[in-house]
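A quick write-up on the structure given underneath.
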Amino acid sequence: MTPTPQIDHYLRFLRDERGLTFEDFPSLWSWSVTELDAFWRSIWDHFDVRSETPFDAALCEERMPGAVWFRGATLNVASQALRHVDAAHAAGHPAIVHADETMLARGSLGEMSWPELRRQVGALAASLHDLGVRRGDRVVAYLPNVPATAVAFLAVASLGAVWSVCSPDMGPVAVLDRFRQIEPKVLIAADGVRYAGQTIDRMGLLTQMLDELPTVHDVVLLGNLDPSADPAPLSSTSRRAHRWSDLIAHPTPRAPEAVPFDHPLWIVYSSGTTGLPKPIVHGHGGVMMEMLKGGIHNNVGATVDTGDRFHWYSSTGWIMWNCQVGALMGGTTICLFDGSPAGPKDAPDWSTLWRFVALSGATFFGAGAAFYASCLKAGVEPLKHGDLSRLRAIGSTGSPLADESYDWIWANCPRPDGNPIWICIISGGTDFAGAFLTGLITEPLVRGQMQVRSLGAAVHAFSEADEHGHGRPLVDEVGELVCTRPMPSMPLYFWGDKDNERYLSSYFDMYRGPHGEGIWRHGDWLRITPTGGGIIYGRSDATINRHGIRMGTAELYRAVETHPEVLDSLVVDLEYLGRPSCLLLFVHLREGVAMDDALQRRLRESIKKALSARHVPDEIHQVEAIPRTLSGKKMELPIKKLLLGAAAEQVMKRDAMANADAVAWYQRFAEGRG
C-alpha cells in the first residue's frame, strides 16, 4: 500500500496547527514565499526541530545576502540525524545499506545499523577532538561513496568543525585548488578505490597532495582497498598519520555539540569562469531546514513511518551526495553505491545501478539525466535485472531530462498501484544545497517540465535587466532564473572572500529589487509555464556542467595551457534542452604546430588527470584565435550563445573586443554545424 504523500501530512499540519487551508499548490507556494517567517517556522514545527536555547523568530532580519534566521537557536545536524536511532532500530530499519562493485557482483549488501552509526560517529568525534580538532577547524576528506564518509561527515559536524570532501576520481590539481584555500587541519583519505572494474591506488597521490597542504597536522587513512593499509608513509616530522579503524574504536564516544543556527557546517565548491573554485560555506540550520523541506517535495519520509529507502547515485564530489546523506536528518534509510554506473570499463553494463536498486530495496532512485539517456541507448530493461517492486519514484537532475527518457522510464520501470511511476525532476545547485524547481507527487506531471517551484523559494524567470538592474517576471517566456527573497540555506559567505566581493559578484551583479535590495541570479535559462511548472534551458553562464558535476572553465584551462604547443584555449559546454551535452574545446596553437592525434590524446589525458574523465571534451578544434574582450577576458558566453544559434551582432560588441576578426571563424563553424 502506498504511504500517504508527505505533502498531505504537511497540509494537515497547517490546517490543524495553524488554521490554514489552501485550494491548490500555487496558493500554498504563494503563501510560502510571501510569509517567509510563518512558512519556515511551520517547517521547523512540522519536523519537530529542537533547539537547546530559545530563539527570536524564523526570519529575524530580511536581506539578501545576509538574512538572519532563527537567531538564538542552537542545534547540530548530527544530533538531528542521530535522534532517530532508537525508534528506527526498534522497528528493524538500518541507517545505511551499501554495496561496491565487488559486493554487487556477488549479490551481497552491507548494512550499518542506527546504533552502529551513532557509535562510530561518537568514537570518531572523540578521536578527532583528542587530535585537537575544535569548532571552526576545517577537516577535509578524499573519500569515496561509502558509509565511512557519512560517519566522518557527521563526526566532524558534531564537533562544530567544518567539513569539505572531494571524490577520489578528482585529480590533484582540482583537489588542491579546493583544499588549499581553506587551510585544513586534518585530512581523511582512502588508500584507493575500485571503479569500472579497475583498482586505483591513491597512496602516491596522497603523499603528493599532503606536500602541498602544510596546514594538515593529522592524516587519517581509510583502508578502502586494503583494510590493513599502513598509514606510516603519509606521516612526516610535522604530520601524524592514523588508521581509521583505530580512531573509530575510541572507548569514550563524544556527543554532538549544539552550535548556533548559522554556524558553518561544510564548504562546497561551485566553479566560475575565472579564478579558483568558489568555496561556499553553508550553515547547520539552513542545510537542515532545506533537507527536511526537501523530503516533502521528494515524498520521502522517516523509514519507521513509510518504509522509505533513498538512493541518489552520486560521487562525493557532487552536492547530491550531501543531499543523500542529509536524508538521515529525516530518519530515512539511505542506500549508497560506490562504483561506476556503467559497469566494467571493458564490458559496459548499464544495468548496474538497477541491480543495486533491486538489491537495496530502494523506494526512491535518483541519478543524473545523462544516466537515463545512456540506459535508453543501451537498451536496458530494468525489470529484468531484479525485484523493483518497492521502487515508487525516479529522480533526475544535472541537466534537462529528454522526452525520450520519460517514455523509456515509464515503459521500463514498475507501475506503483498500476500507475506510471512518478518522475521527480529537480533543478537547484551546490550554491544553496537545494532545489529551486522540483517535483510534487500530487501535481500533474508534464513531460519535459519540472512540476513546481520549491516551497519557500521565490523563483521567477526575469527579463533582461534595465539600466537600474530591474527585471520583470516572465510567464511562458525564457528568462534568467532569479530568486527574489532569501532562503535559509543560501551561503553564509565564501571562505576567504574579502568584503563578500566574490559572493556578491557571483549572484547579485545583474538584478536589484525596487528598493535596491539584492536579487539572486542563478545562471540558468528558465521558462515558467502558465500552470506554474518550469523548464530549464541550460546554463546562462559559461560554467561546465557535465552529468551534474559542475566545473569551472578556469580549471580546465590550467590543465590545457600547460602544454607548450598551446598558446590559448576556450571551452564551451553546449548543454541545452533536448540535446545531449557537447563539450567543445578550441585551442590556438603555436605557429607551425598542427593538431594531430598525438596532441589530442595528450590534451585529453591532461584534462582527465587534473580534473576528471567527465570533463574530457567531446571535440577539440584548432582555431586561429581566441576571442577576447578589451580587458583580456575570454568571451566564453558570447561564443556559447553564437554556437547555440544566436546572431553574432546580438551577443557581442565588436568595439569591446581586442580581436574582433576572430569571430568570423566561429560563425563559419556554427553555420557548418547547423
Side-chain angles (χ1 to χ4, degrees), residues 173-174 177 271-277 505 523 538-546 550-576 581-611 614-674:
V173 174
D177 278 352
S271 301
T273 57
T274 60
L276 294 170
S505 66
R539 298 295 297 169
S540 64
D541 62 20
T543 302
I544 303 169
N545 186 350
R546 295 286 276 178
R550 192 174 297 176
M551 188 72 72
T553 55
E555 301 176 79
L556 191 144
Y557 295 143
R558 278 197 290 276
V560 170
E561 294 173 10
T562 57
H563 290 262
E565 300 96 332
V566 179
L567 293 176
D568 205 356
S569 62
L570 183 137
V571 66
V572 174
D573 183 8
L574 299 185
E575 180 216 5
Y576 51 111
S581 171
C582 183
L583 191 64
L584 303 179
L585 174 63
F586 302 102
V587 291
H588 178 205
L589 302 178
R590 294 186 182 278
E591 189 170 349
V593 177
M595 179 64 66
D596 57 18
D597 291 345
L599 180 55
Q600 286 234 15
R601 284 195 298 272
R602 292 202 302 276
L603 293 175
R604 293 177 188 277
E605 188 59 32
S606 292
I607 294 167
K608 181 179 179 181
K609 183 178 180 181
L611 304 177
R614 297 181 182 91
H615 298 94
V616 174
D618 296 294
E619 301 173 18
I620 302 177
H621 297 279
Q622 183 175 354
V623 297
E624 300 167 1
I626 301 299
R628 288 182 177 268
T629 65
L630 290 174
S631 60
K633 292 182 179 179
K634 301 183 187 192
M635 299 181 64
E636 297 161 307
L637 187 53
I639 294 299
K640 176 177 179 175
K641 291 180 178 179
L642 178 70
L643 297 181
L644 289 176
E649 58 271 19
Q650 292 179 332
V651 296
M652 60 187 73
K653 297 179 181 179
R654 293 179 65 87
D655 57 0
M657 294 182 61
N659 52 351
D661 292 340
V663 176
W665 187 95
Y666 297 86
Q667 288 177 290
R668 293 193 299 271
F669 181 81
E671 292 166 359
R673 291 179 69 85

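Keep in mind the model is a prediction, meaning the values are calculated, not measured.
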Output for pair (Leu574 CG, Leu584 CG), nearest 0.5 Å, gives 4.5 Å
Locate the shortest heavy-atom distance separating Ile607 from Leu585; write the atom from each residue and the value. CD1-CD2, 4.2 Å
Roughly how far, to the nearest 0.5 Å, is CG of Leu567 from CD of Glu565? 10.0 Å
Over all atoms of both residues, closest heavy-atom pair of Asn659 and Ala625: ND2-CB, 4.0 Å
Taking every heavy atom of Ala559 against every heavy atom of Ala610, the minimum-distance pair comes out as CB-CB, 3.8 Å
Please check: side-chain N/O of His588 versus main-chain N/O of Ser569, any donor-acceptor pairing under 3.5 Å? no
Measuring from Arg628:CZ to Glu636:CD, what's the distance to the nearest 0.5 Å? 9.0 Å
Counting neighbours of CG on Asp597 that are heavy atoms of other residues, nucleotides or ligands and sit closer than 6.0 Å, is the number greater than 12? no
Cationic tip of Lys634 above Phe586 ring, under 6.0 Å, 45° of axis: no
Roughly how far, to the nearest 0.5 Å, is CZ of Arg601 from CG of Leu599? 10.0 Å
Indicate yes or no for a side-chain donor-acceptor contact from Arg604 to the backbone of Pro617 under 3.5 Å, with no hydrogens or angles considered. yes
Please report the closest heavy-atom contact between Gln622 and Trp665, naming both atoms and the distance. O-CZ2, 3.8 Å
Pairwise distance CE(Met595) to CG(Leu589) - rounded to 0.5 angstrom: 5.0 Å
Separation between CG (Asp568) and OH (Tyr557), nearest 0.5 Å, reads 8.5 Å
May I ask you to decide if Leu583's main-chain N or O and Asp573's side chain share a donor-acceptor pair within less than 3.5 Å? no
Looking at every non-hydrogen atom in both residues, tell me the closest pair between Gln667 and Leu642 and how far apart they are. N-CD2, 4.0 Å
